[in-house]
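Taking it in order: structure first as structure tokens, then the write-up.
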Amino acid sequence: MKTVLRLLVPLALLAGCGPLSMYYREGESVSRMQAETTECQVQALKDAPVANQVRQSPPTYWPGRTYCDGRGRCYRTGGWWEPGRVYTVDVNQGLRNTVEAQCMAKKGYRPISLPPCKQSVKSGVPPTRTTVLPPLGAASCFVKFDDGSFQIITPGLPG
């Protein structure tokens with residue numbers, strides 16, 4: 001059990017280390033951006049509804065093995081088929097993502113992805129939740145808070 005916990009704790013910590021992907025329009029409030037993102041997601045779901053298809057990967061044949069006893073006698077075990085994996089694919093997911101992105105673009109937003117801030121950047125700035133989307137630079141990064149909110153930091157720029 002201890003071994004499992006030693007493996008899971010680092011994985012849980014790494015799960016929060018990915019980029020922050022969102023729609024961005026400088027000077028817009030975060031709450032408005034979130035509301036407009038939800039509106040566009042709902043519209044995209046109406047225009048390109050979930051269309052799940054059940055699929056199966058091809059089966060795999062595992063041939064038998066040959067064993068020899070060293071006295072010239074060999075034995076062969078039988079082979080077997082392993083069925084393909086059954087999985088579900090939403091064939092409209094790509095279209096839905098495109099419709100959502102087009103809707104947000106019409107509202108003046110563009111998609112961005114920010115990396116997490118390094119500890120040295122985080123420690124140099126007081127923790128403050130971002131409420132208005134600030135100007136971005138090449139070094140912009142983010143800090144995520146436990147409640148799901150975030151802070152966008154651009155080193156060299158105020159605030």
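These figures come from a predicted structure and were not determined experimentally. We're numbering straight along the sequence, starting at 1.
- Screening Val30, Val132, Leu133 against Ile152 for a side chain to side chain contact (heavy atoms under 4.5 Å, CB included) leaves a single residue, Leu133.
- Under the side chain to side chain contact (heavy atoms under 4.5 Å, CB included) criterion, Arg110 pairs with Tyr24, Ile112, Leu136, not counting sequence neighbours.
- With rounding to the nearest 0.5 angstrom, the CZ atom of Arg96 is 14.0 Å from the SG atom of Cys40.
- Using a 4.5 Å cut-off between side-chain heavy atoms of Ile, Leu, Val, Met, Phe, Trp and Tyr, with links allowed through other members, Val99 and Met104 fall into different hydrophobic clusters.
- For CZ of Arg76, the number of neighbouring non-hydrogen atoms (other residues, nucleotides, ligands) closer than 6.0 Å is greater than 12.
- Distance alone, capped at 3.5 Å, places no donor-acceptor pair between the Glu100 side chain and the Ala44 backbone.
- Counted by atom type alone, Tyr87 and Gln53 present zero donor-acceptor pairs between their side chains at under 3.5 Å.
- Listed for the Asp90 side chain is a donor-acceptor partner under 3.5 Å among the backbone atoms of Ala51.
- For the pair Ser57 (side chain) and Arg85 (backbone), a donor-acceptor distance under 3.5 Å is present.
- Residues meeting the ring pair (Phe, Tyr, Trp, His ring centres under 6.0 Å) test with Tyr61, sequence neighbours left out: Trp81.
- Distance check: Asn97 CG to Gln102 CD gives 11.5 Å after rounding to the nearest 0.5 Å.
- Side chain of Ser149 to main chain of Phe145: no donor-acceptor pair is present (N/O by atom type, distance under 3.5 Å, no hydrogens or angles).
- At distances below 3.5 Å, not a single donor-acceptor pair connects side-chain atoms of Ser29 with backbone N or O atoms of Thr131.
- When hydrophobic clusters are built by joining Ile, Leu, Val, Met, Phe, Trp and Tyr residues whose side-chain heavy atoms come closer than 4.5 Å, directly or via intermediates, Val143 is grouped together with Val125.
- Qualifying salt bridge (Lys or Arg N to Asp or Glu O under 4.0 Å) partners for Glu39, counting only residues two or more places apart in sequence or in other chains: Lys107.
- Shown here for Pro49 and Asn92, the closest heavy-atom pair between the two residues is O-ND2, 2.8 Å.
- With a 6.0 Å cutoff to the six-membered ring centre and a 45° limit on the axis angle, Arg129 does not count as a cation-pi contact of Phe150.
- Residues Thr77 and Arg65 bring no donor and acceptor atom of their side chains to less than 3.5 Å of each other.
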